[in-house]
Amino acid sequence: MNESGKKVVTIMIHIYCRSKHGNKDTLCYECEELKNYAQSRLEHCPYGDNKPTCNTCPIHCYRRDMKVRIKEVMRFSGPRMLFVHPIETLKHFRKEYKRKRLF
């Protein structure tokens, strides 16, 4: 299913947990719970591999509490991804750019 989306969200959660909670190799309970929830949502996404980024997606599939948490993670980790995982960041932006050009 949306493996690239799962990879990006996992990277973002790891960046957030490392910086905010001090965990280097593993995630804390809250971040692990968020990662599992986000991956579950991606697995059931009707867009599949053509899923847009969350801020441009017409379907809001997260529960309210999880939506608040993932937004916080994305706001914090998004700008830092370019320095930590530049290739994945560029792939993510390229995919979104191509998707926008098709519609």
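Predicted, not measured: the structure shown is a model, and the values here were computed from it.
The side-chain hydrogen bond (donor to acceptor under 3.5 Å, both in side chains) check on Glu30 picks up nothing, with sequence neighbours excluded. Judged as a side chain to side chain contact (heavy atoms under 4.5 Å, CB included), and not counting sequence neighbours, Leu90 has no contacts. Residues satisfying the side-chain hydrogen bond (donor to acceptor under 3.5 Å, both in side chains) criterion with Lys67, sequence neighbours excluded, are absent altogether. Partners of Tyr47 under the side chain to side chain contact (heavy atoms under 4.5 Å, CB included) rule, at least two apart in sequence or in another chain, are Cys45, Lys51, Pro52, Cys57, Pro58, Ile59.
For the residue pair Met74 and Pro79, the shortest heavy atom distance occurs at O-CD, 4.2 Å. Across Asn23 and Thr26, no two heavy atoms sit closer than the pair CB-O, 2.9 Å. Here the closest heavy-atom approach between residue Cys28 and residue Cys17 is recorded as N-SG, 3.4 Å. Here the shortest heavy-atom pairing between Thr89 and Leu82 reads OG1-N, 3.5 Å. Taking each heavy atom of Leu42 and Lys6 in turn, the nearest pair found is CD1-N, 3.5 Å.
Residues Ile70 and Val9 have side chains in contact (heavy-atom distance under 4.5 Å, counting atoms from C-beta outward). In this structure the side chain of Ser4 never reaches within 4.5 angstrom of the side chain of His92, judged on heavy atoms.
Tyr37 carries Arg63 over the face of its six-membered ring, with the cationic atom under 6.0 Å from the centre and within 45° of the normal.
Pairs engaging residues 9-21 under the salt bridge (Lys or Arg N to Asp or Glu O under 4.0 Å) rule: none recorded [sequence neighbours left out]. Under the salt bridge (Lys or Arg N to Asp or Glu O under 4.0 Å) criterion, the residue pairs touching residues 73-89 are Lys7-Glu88, Glu88-Lys91, with sequence neighbours excluded.
Ion pairing between Glu72 and Arg69 fails under the 4.0 Å rule for side-chain N and carboxylate O.
Atom-to-atom distance recorded for Gln39:CD and Thr10:OG1 is 4.0 Å, nearest 0.5 angstrom. With rounding to the nearest 0.5 Å, the separation of CD in Glu33 from CD1 in Ile13 is 10.5 Å. Atom CE of Met81 and atom CZ of Phe93 lie 8.0 Å apart (nearest 0.5 Å).
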Output, in order, the C-alpha distance, side-chain angles, deciding distance and verdict of side-chain contact (heavy atoms from CB on, under 4.5 Å) for Arg41 and Met66. CA-CA 11 Å; Arg41 300 286 55 196; Met66 291 296 195; over 6 Å; no

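Hydrophobic clustering (side-chain heavy atoms under 4.5 Å, transitive across Ile, Leu, Val, Met, Phe, Trp, Tyr) groups Val84 together with Met12. By the criterion of side-chain heavy atoms lying less than 4.5 angstrom apart, applied directly or through intervening Ile, Leu, Val, Met, Phe, Trp or Tyr residues, Phe76 is grouped together with Val8 in one hydrophobic cluster.
In this structure, Ser40 contributes its side chain and Asn36 its backbone to no donor-acceptor pair below 3.5 Å.
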